[in-house]
Student: 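My questions all concern the structure below.
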Amino acid sequence: MDFIDESRIFVKAGNGGNGCCSFRREKFIPKGGPDGGDGGKGGDVIIVASPHVNTLLDQRYHPHYRAEKGRHGEGRNCTGRSGKDLIIPVPVGTQVKDFETGDLVADLVEVDNRVILARGGKGGRGNARFATSTRQAPLYCEPGVLGEEKSYKLELKLLADVGLVGFPNAGKSTFISHVSSARPKIADYPFTTLVPNLGVVRWKGSDFVVADIPGIIEGAHTGTGLGLRFLRHIERTRIILYMVDLSPDNDRDPVNELEVLIHELGSYSESLLERKQIVVFNKCDLTDADIRAKDAVAFARSRGYPCFVASGLTGAGIDDVLNEIVKDLYEHKSEGFSPQV
Ligand SMILES: Nc1nc2c(ncn2[C@@H]2O[C@H](COP(=O)(O)OP(=O)(O)OP(=O)(O)O)[C@@H](O)[C@H]2O)c(=O)[nH]1
Ligand SMILES: [Mg+2]
């Protein structure tokens with residue numbers, strides 16, 4: 001399935017129906033009074049966070065949304081029917097920005113959060129409303145007001161507790177499939193993962209969500225590889241987990257690999273480096289991994305990061321990683337933790 005995490009949409013609310021100009025005409029009542037009804041209100045366009053949608057794919061391919069018009073008023077004081085509202089379901093975590101100004105209009109962080117993107121026009125009043133004692137047969141009525149028309153930019157920023165950051169092939173997808181029921185593609189070549197995956201981990205009675213994003217490489221902040229496009233999905237995670245590959249086939253030195261990751265993240269956004277960060281030196285089941293880990297662990301510790309030597313394949317050391325995550329999330333939950341915005 002395609003994963004689309006940004007799109008532009010055009011919304012047009014329904015116009016209000018026109019008021020009606022009409023007079024009561026019945027047998028033996030030659031000059032019945034005005035009885036033109038009001039027009040109905042136009043439908044609104046409303047965006048709603050839905051748990052059943054995962055990407056902005058629909059919005060990318062169908063960017064135009066138009067709510068129903070209000071019906072015109074009719075004689076015999078009949079008010080026109082209001083237009084139906086149009087609902088746009090989007091994934092939880094979608095941010096709505098004004099396309100012209102870039103201002104944030106809404107951040108839909110919880111299921112059922114909803115915002116009106118364009119308001120339907122009011123219906124016009126019918127001539128019955130304009131009758132007064134001195135003007136008993138008004139010949140005018142109001143037209144309906146036009147519905148609002150706007151354009152927005154939608155951006156999906158996944159909501160997860162832990163974001164996995166690492167070079168391609170470091171073993172991020174292997175890790176998430178070991179700890180959760182997510183089953184991303186795993187393979188021995190770079191850029192296997194092209195779209196983010198979320199996995200729910202249940203550990204010692206706590207649930208948390210881990211996001212596996214495509215690998216980043218040196219120069220990602222200038223657009224190399226898949227660039228930093230996907231880092232937006234870790235902007236709102238509580239913890240950043242750097243995954244570093246200890247395998248002897250990796251020609252990069254683990255210390256250097258970690259430094260590059262930190263540098264790339266910092267170039268994307270300094271504030272990411274103020275988050276809780278932990279390091280997992282992965283693939284410790286391979287020969288000589290412990291030798292390669294030695295300097296790297298010392299380096300990570302000197303920087304103050306909690307670090308672990310583990311293997312997503314065999315599961316060695318993974319329990320300690322999960323314990324650390326749960327401990328940190330628990331501390332923040334007790335302070336009223338909510339997703340970072
Ligand atoms: N020996 C060993 N191999 C591992 C371990 N973790 C992952 N691998 C292997 O490393 C290769 C890459 O693993 P992935 O999980 O696809 O790596 P990734 O970080 O998701 O890679 P991208 O999606 O390309 O960014 C696969 O062949 C895995 O089987 C591990 O702990 N030990
Ligand atoms: Mg992967």
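Counting convention: from 1, in listed order, for ligands and their atoms alike.
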Student: Of the side chain and backbone of Pro184, name the one, both, or neither that has a heavy atom under 4.0 Å from an atom of ligand 1.
Tutor: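 Neither part.
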Student: More than 12 heavy atoms of other residues, nucleotides or ligands under 6.0 Å from CZ of Arg71: is that the case?
Tutor: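 Not buried by this count: 12 neighbours or fewer within 6.0 Å.
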Student: Would you say that more than 12 heavy atoms from the other residues, nucleotides or ligands in this model lie under 6.0 Å from the CD of Glu270, or not?
Tutor: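 Counting other residues, nucleotides and ligands, CD of Glu270 stays at 12 neighbours or fewer.
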Student: Give the contacting part of Asp212 toward ligand 1: side chain, backbone, both or neither, where contact means a heavy-atom distance below 4.0 Å.
Tutor: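 Near ligand 1, Asp212 shows nothing, with every heavy atom at 4.0 Å or more.
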Student: When you measure from the heavy atoms of Tyr189 to every atom of ligand 1, does any distance fall below 4.0 Å?
Tutor: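 Yes, Tyr189 has a heavy atom closer than 4.0 Å to ligand 1.
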Student: Is there a donor-acceptor pair closer than 3.5 Å between any side-chain N or O of Asn197 and the backbone N or O of Ala211?
Tutor: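 Not at all, since once roles are kept as given, no pair shorter than 3.5 Å links the two residues.
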Student: Backbone, side chain, both or neither: what part of Asn282 comes under 4.0 angstrom of ligand 1, heavy atoms only?
Tutor: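 Only the side chain of Asn282 comes within reach of ligand 1.
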Student: Judging by distance only, is a nitrogen or oxygen of Asn169 under 3.5 angstrom from one on ligand 1?
Tutor: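 Checking ligand 1 against Asn169, an N or O pair does fall under 3.5 Å apart.
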Student: Test your reading of the structure: does Cys284 have an N or O sitting under 3.5 Å from an N or O of ligand 1?
Tutor: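 In this structure, Cys284 places no N or O atom under 3.5 Å from an N or O of ligand 1.
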Student: Considering only non-hydrogen protein atoms, determine which one is nearest to atom 1 (N) of ligand 1 and report residue, atom name and distance to 0.1 Å.
Tutor: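 Residue, atom and distance for the closest contact: Asp285 OD2, 2.9 Å.
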Student: Please confirm whether Gly166 approaches ligand 1 to less than 4.0 Å, judged on its heavy atoms.
Tutor: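 Under 4.0 Å: no for Gly166.
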Student: Is there a polar contact, in the sense of an N or O pair closer than 3.5 Å, between Phe191 and ligand 1?
Tutor: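 Min N/O separation from ligand 1 is below 3.5 Å for Phe191.
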Student: Would you indicate whether Lys122, at its atom NZ, is surrounded by more than 12 heavy atoms from other residues, nucleotides or ligands within a distance under 6.0 Å?
Tutor: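 No, not enclosed.
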Student: Quick one: look at Ser311 and ligand 1, take heavy-atom pairs under 4.0 Å, and tell me if it's side chain, backbone, both or neither.
Tutor: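 Both of them.
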Student: At what distance is the nearest protein heavy atom to atom 16 (O) of ligand 1, and which residue and atom is it?
Tutor: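 That would be Ala187 N, 3.3 Å.
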Student: Any cation-pi pair here, Arg8 with Phe99, using under 6.0 Å and within 45°?
Tutor: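 Relative to the ring axis of Phe99, which defines the angle, Arg8 lies inside both limits.
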Student: Using a cut-off of 6.0 Å, state whether more than 12 heavy atoms not belonging to Arg183 lie near its atom CZ.
Tutor: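 Yes, because the 6.0 Å sphere around CZ of Arg183 holds more than 12 heavy atoms from other groups.
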